[in-house]
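Reviewing the structure listed below.
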Amino acid sequence: REGIRFRHVAFRYPASEKWALGDFSLTVPAGKMVALVGPNGAGKSTVIKLLCRLYDPEAGQVELDGVDLRSIPLRELQDNITILFQEPVKYSAMVHENIGYGELGKMKDSAAVEVAARRAGADGFIERFPDRYDTLLGKWFEGGIDLSAGEWQRIALARAFLRQSPILILDEPTSSMDSWAEADWLGRLRGLAQGRTAILITHRFTTAMRADMIHVMENGGIVESGTHEELLRQG
Ligand code: ADP
Ligand code: ADP
């Protein structure tokens with residue numbers, strides 16, 4: 001397992017003149033966590049989109065364990081990647097069902113759901129039924145108890161625990177949290193990332209410093225790299 005590699009990747013969005021990534025190279029060694037930080041528009045999300053093959057590069061290539069992504073079947077690639085989004089997907093269903101459905105609509109067995117819920121800190125409300133509008137059925141489910149933003153995030157985290165994919169993408173996983181919630185989450189995220197190859201996108205230094213390596217991005221390229229100690233020393 002060699003991990004993820006971007007080799008001299010150049011990419012412009014369709015109908016855009018601007019290079020979202022230009023001669024971009026990045027290695028995420030297998031089993032390590034790499035953080036991408038930098039201002040809005042730097043190209044962080046674009047890296048993720050190319051990794052998931054929402055787009056292909058105009059030049060250069062993206063490799064997974066030495067294999068060009070373009071020669072991996074899309075379904076296989078999707079099964080290899082888990083993304084923990086900032087904004088969780090919400091189903092109008094009991095919490096344990098919300099966890100079990102996952103992104104691909106597969107129902108997982110309930111023992112596995114319980115373990116994932118416990119690891120995510122969602123086991124205290126697993127039988128709860130959120131009161132919300134179901135866009136699929138086109139009606140309100142009433143008589144439930146609303147879940148807080150933090151609880152929904154725990155559900156999304158449990159879903160990520162349930163998936164056994166070797167690659168993990170954390171997209172601003174702690175962005176709206178106060179520092180106490182962040183501290184709790186960083187412990188859980190470390191458990192989630194254990195043994196996986198992970199890319200962490202974050203604006204927070206206290207979150208980024210948990211990564212094995214931090215890359216600072218600007219204008220579609222990496223302008224600085226190092227461990228958090230190295231970056232602090234350089235100022
Ligand atoms: P970040 O995630 O670091 O905020 P992005 O990867 O979203 O940065 O953006 C990189 C560059 O690509 C920016 O110049 C942005 O305006 C541009 N961009 C992002 N998404 C699109 C899109 N769908 N169409 C055109 N340009 C885009
Ligand atoms: P309250 O702060 O009133 O307890 P929550 O239900 O959102 O409201 O918080 C419950 C727990 O969830 C908190 O103790 C904290 O550890 C965690 N938490 C709070 N906010 C967030 C958040 N934005 N994302 C994830 N977890 C959170």
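One-based numbering, in listed order, for ligands and for the atoms of each.
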Revision key, fill the gap. Residues passing the side chain to side chain donor-acceptor pair (under 3.5 Å) test with Arg128, sequence neighbours excluded, are Glu151
Check your understanding: How about Thr46 and Tyr55: does a side-chain donor come under 3.5 Å of a side-chain acceptor?
Key -> no
Review point. In order of chain and number, which residues sit within 4.0 Å of ligand 1 by heavy atom?
Key: Tyr13, Lys18, Ala20, Pro39, Asn40, Gly41, Ala42, Gly43, Lys44, Ser45, Thr46, Lys49
**Study point:** Salt-bridge present (Arg154, Asp184; N to O < 4.0 Å)
**Key:** yes
Practice item. Please identify each residue that fulfils side chain to side chain contact (heavy atoms under 4.5 Å, CB included) with Gln194, with sequence neighbours left out. Key: none
Check your understanding: Do Asp65 side-chain atoms and Gly3 backbone N/O form a donor-acceptor pair below 3.5 Å?
Key -> yes
Check your understanding: Residues two or more places apart in sequence or in another chain: which of them pass side chain to side chain contact (heavy atoms under 4.5 Å, CB included) with Ala10?
Key -> Trp19, Ala59
